[in-house]
Amino acid sequence: MAVLFGGLYGFQTFKGIMIAKAIGAMANPPQTVSTVTAETAPWRTNLTAVGSLRAVNGADLALQVAGIVQSIQFNSGDSVEAGQPLLQLVATDDVAKLQSLQATAENYAIVVKRDEEQIKFNAVSQATLDSDRANLKNAQALVTQQKAIVEQKTLKAPFAGRLGIRAVDLGQYLGAGTTIVTLQSLDPIFVDFYLPQQSLAEIRIGQDVGVAVDAFPGERFTGQISAINAKVDSTSRNVQVRATLRNNQARLLPGMFAKVEIATGNPEQLVNVPLTAVVSNPYGDLVYIVDDLKDGQGKARQMFIKSKPAKGDRVAITDGVKPGETVVIAGQLKLRNGSPVKIDNSHVPVAEAAPNIVDQ
């Protein structure tokens with residue numbers, strides 16, 4: 001029995017040793033990855049925000065009196081000048097009353113003129129002249145009041161700009177305050193946005209900004225900061241900022257959502273790599289660097305990094321990567337420290353700091 005159990009124990013020990021040798025002899029197969037060579041390039045920190053476009057002057061035009069539309073003197077989408085008549089309500093009764101008041105005022109003016117001639121000969125008393133002058137002033141005030149009422153029946157453009165879509169028709173009864181058409185001054189145009197209070201030290205009046213809108217993908221419109229609010233919002237601790245943009249083609253419209261970018265500081269020469277090279281984990285950001293590169297193969301080395309905020313498809317690394325090192329940008333999920341790698345760069349996409357952006 002002792003010999004039997006001894007033989008079984010020896011066999012199991014021998015089997016374990018042979019399995020361990022076989023596993024140890026197995027080669028760690030290289031993992032296929034894509035890489036780039038880390039290079040230095042000018043890098044400038046940007047502030048980013050989202051905002052909304054707003055007209056320099058914009059209003060929904062309406063009349064302060066009710067009435068029936070007699071004539072419409074504009075078309076939807078017209079460009080108009082300040083003071084240009086746009087719409088007229090029926091004002092026959094008001095005009096007739098104005099003419100009556102004007103006739104009364106003219107009569108009082110004649111009476112006053114006659115009194116002034118007759119008083120030289122003591123033909124009328126001073127009291128009569130004073131009374132007639134008062135009547136003249138009252139009649140003239142009534143004329144002015146009635147002119148204002150008549151003018152309220154006419155809609156005029158308060159400023160130059162572009163009209164929207166007409167919302168009323170001929171013969172329609174309009175209540176006081178009914179919106180007739182919108183008028184927007186489009187060139188220049190404002191973009192309003194908010195920045196954290198920590199950014200106040202990095203912005204100033206006249207600083208350049210870049211704006212992108214979803215309506216024109218791949219384009220960036222340029223402008224300058226024109227105003228910074230005099231207070232910080234006590235709830236969000238953000239400050240409102242306004243920039244002014246050129247818009248001579250009227251492509252930008254009030255109400256559009258906008259992405260705003262402000263370049264701050266001076267350009268620095270920093271190592272930058274595609275954003276896909278960075279792997280995030282609870283301990284910090286890291287990249288994989290390929291060492292001992294020979295014939296397209298090498299060994300992966302894990303390196304923790306410090307970086308700037310990303311711009312487009314690229315990120316600047318301030319610590320952890322040196323110029324000229326080979327950095328893995330695809331296939332990192334298969335790697336661990338010391339993994340052998342095989343490089344295949346046949347399908348590497350282009351990574352740009354500002355992809356598909358054209359300045360306008």
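Keep in mind that this is a model prediction, so the values were computed, not measured.
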When you compare the side chain of [Y] with that of [X], does any pair of heavy atoms fall below 4.5 Å?
X	Y	value
T178	L63	no
R251	E219	yes
V260	V241	no
V36	P274	yes

Quiz prompt | All salt bridge (charged side-chain N to carboxylate O under 4.0 Å, His left out) counterparts of R133, not counting sequence neighbours | solution = E116
Quiz item: What residues, two or more places apart in sequence or in another chain, satisfy salt bridge (charged side-chain N to carboxylate O under 4.0 Å, His left out) together with D192?
Solution: R242
Quiz: residues 162-176 side-chain donor-acceptor pairs under 3.5 angstrom, not counting sequence neighbours:
{"unit_1": "R166", "atom_1": "NH1", "unit_2": "V168", "atom_2": "O", "d": "2.6"}
{"unit_1": "R166", "atom_1": "NH1", "unit_2": "D169", "atom_2": "OD1", "d": "3.1"}
{"unit_1": "Q172", "atom_1": "OE1", "unit_2": "D169", "atom_2": "N", "d": "2.9"}

Results of side-chain contact (heavy atoms from CB on, under 4.5 Å) for [X] - residues two or more places apart only:
X	answer
Q198	P196
N107	V111
D295	none
K113	none

Quiz prompt | Residue pairs, two or more places apart or on separate chains, that pass side chain to side chain donor-acceptor pair (under 3.5 Å) and touch residues 58-74 | solution = D60-T182
Report, as yes or no, whether the 6.0 Å neighbourhood of atom [atom1] on [X] holds more than 12 heavy atoms from other residues, nucleotides or ligands.
X	atom1	value
Q126	CD	yes
K334	NZ	yes
Y108	OH	no
F159	CZ	yes
N248	CG	yes

Self-check item: Connected hydrophobic set around V290, excluding itself, where side chains approach under 4.5 Å
Solution: V33, V279, Y283, L286, Y288, L293, F304, V328, L335, V341, I343
Quiz item: Who else is in the cluster with V56 when I, L, V, M, F, W and Y are joined by side-chain contacts under 4.5 Å?
Solution: F190
Practice problem: Say whether Q88 and T154, considering side chains only, have a donor N or O and an acceptor N or O under 3.5 Å apart. | Solution: yes
Can you name the closest pair of heavy atoms from [X] and [Y] and give their distance?
X	Y	value
A38	K322	CB-O, 3.7 Å
K153	V65	CD-CG2, 3.8 Å
A82	P158	CB-O, 4.3 Å

Distance-only, no hydrogens or angles: does the [X] side chain make a donor-acceptor pair with backbone N or O of [Y] under 3.5 Å?
X	Y	answer
T276	A330	no
D344	S346	yes
T104	S100	yes
N46	E261	no
N345	S34	no

Please set out all donor-acceptor pairs under 3.5 angstrom arising from side-chain atoms of residues 202-209, sequence neighbours excluded.
{"unit_1": "E202", "atom_1": "OE1", "unit_2": "T264", "atom_2": "OG1", "d": "3.3"}
{"unit_1": "Q207", "atom_1": "OE1", "unit_2": "R204", "atom_2": "N", "d": "3.0"}
{"unit_1": "Q207", "atom_1": "NE2", "unit_2": "E202", "atom_2": "O", "d": "3.4"}
{"unit_1": "Q207", "atom_1": "NE2", "unit_2": "A263", "atom_2": "O", "d": "3.0"}
{"unit_1": "D208", "atom_1": "OD1", "unit_2": "Q224", "atom_2": "NE2", "d": "3.4"}

Exercise. Mind running side chain to side chain contact (heavy atoms under 4.5 Å, CB included) on T222 and R246 for me, showing each step along the way?
Key: CA-CA 7 Å; T222 58; R246 298 184 302 273; 3.0 Å; yes
Quiz item: Hey, any chance L47 and V232 share a hydrophobic cluster, counting ILVMFWY side chains that come within less than 4.5 Å of each other, even indirectly?
Solution: yes
For a quick test of your reading: what N or O donor-acceptor pairs under 3.5 Å do the side chains of residues 138-150 make, sequence neighbours left out?
{"unit_1": "T144", "atom_1": "OG1", "unit_2": "Q140", "atom_2": "O", "d": "3.1"}
{"unit_1": "Q146", "atom_1": "NE2", "unit_2": "D94", "atom_2": "O", "d": "3.0"}

Quiz prompt | Derivation and outcome, side chain to side chain contact (heavy atoms under 4.5 Å, CB included), residues I329 and V273 | solution = CA-CA 8 Å; I329 61 170; V273 296; 5.6 Å; no
